[in-house]
Amino acid sequence: MLHALETADSLAYPELAEVGVAVEHLGRSSVRYHFAAFKAGANEAAAAGRYTHVYVERATNRPVPIPDEHRRLMEGLKAP
């Protein structure tokens, strides 16, 4: 589920881009990422947005807790 996408400048192939990603919220079964894409070397983001990932059990399609190993990795990406 994409929460939002804002664009301030264009990016086009084959331009180089730099992308930053941070964990904005870490819940029991979901994580919300905040990301920004920059033209190579730029200080201002060309685009920024948020994305929510919900962990689900395939068989039931119901939310499940985030696996501990994944949670540990995401903790290191939390925004200050």
Side-chain angles (χ1 to χ4, degrees):
M1 172 187 302
L2 183 64
H3 281 278
L5 176 64
E6 298 175 16
T7 58
D9 201 354
S10 65
L11 289 170
Y13 180 81
E15 284 182 277
L16 293 179
E18 299 169 351
V19 178
V21 178
V23 169
E24 193 172 65
H25 174 77
L26 188 56
R28 185 187 77 79
S29 61
S30 67
V31 57
R32 183 172 61 240
Y33 297 101
H34 181 242
F35 60 89
F38 300 80
K39 287 186 177 189
N43 292 324
E44 298 291 323
R50 288 172 177 76
Y51 175 79
T52 300
H53 177 112
V54 179
Y55 283 73
V56 297
E57 172 64 44
R58 281 185 191 242
T60 64
N61 207 30
R62 301 291 305 155
V64 295
I66 296 171
D68 290 340
E69 186 176 321
H70 292 198
R71 182 174 291 281
R72 280 192 294 279
L73 291 170
M74 288 181 239
E75 288 283 352
L77 292 174
K78 274 188 164 178

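The shortest non-hydrogen separation linking S30 to V54 is CB-CG2, 3.9 Å. Annotation for A48 and H34: closest pair CB-NE2, 4.5 Å, computed over non-hydrogen atoms. Residues A45 and A8 come closest through the heavy atom pair O-CB, 3.7 Å.
Two residues are said to be in side-chain contact when any heavy atoms from C-beta on lie closer than 4.5 Å; I66 and L26 meet this criterion. At a threshold of 4.5 Å between non-hydrogen side-chain atoms, the residues V19 and F38 do not count as touching.
The distance from atom CG of L5 to atom CZ of R50, rounded to the nearest 0.5 Å, is 11.0 Å. Taken to the nearest 0.5 Å, the OG atom of S10 stands 6.0 Å off from the CD atom of E15.
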Determine all donor-acceptor pairs shorter than 3.5 Å in which one atom belongs to a side chain in residues 71-79; sequence neighbours excluded.
residue, atom, partner, partner atom, Å
R71, NH1, G27, O, 3.4
R71, NH2, G27, O, 2.6
R71, NH2, R28, O, 3.4
E75, OE1, K78, NZ, 3.4

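Sequence neighbours left out, the pairs with a member in residues 55-80 that pass ring pair (Phe, Tyr, Trp, His ring centres under 6.0 Å) are H53-Y55, Y55-H70.
Electrostatic pairing of E57 and R62 does not count as a salt bridge here, judged by no charged N lying under 4.0 Å from a carboxylate O.
Linking Ile, Leu, Val, Met, Phe, Trp and Tyr residues whenever their side-chain heavy atoms come within less than 4.5 Å places V21 and V23 in a single cluster. Taken together through direct or relayed side-chain contacts under 4.5 Å among Ile, Leu, Val, Met, Phe, Trp and Tyr, F35 and L11 form parts of separate hydrophobic clusters.
Under the salt bridge (Lys or Arg N to Asp or Glu O under 4.0 Å) criterion, E44 pairs with no residue at all, not counting sequence neighbours.
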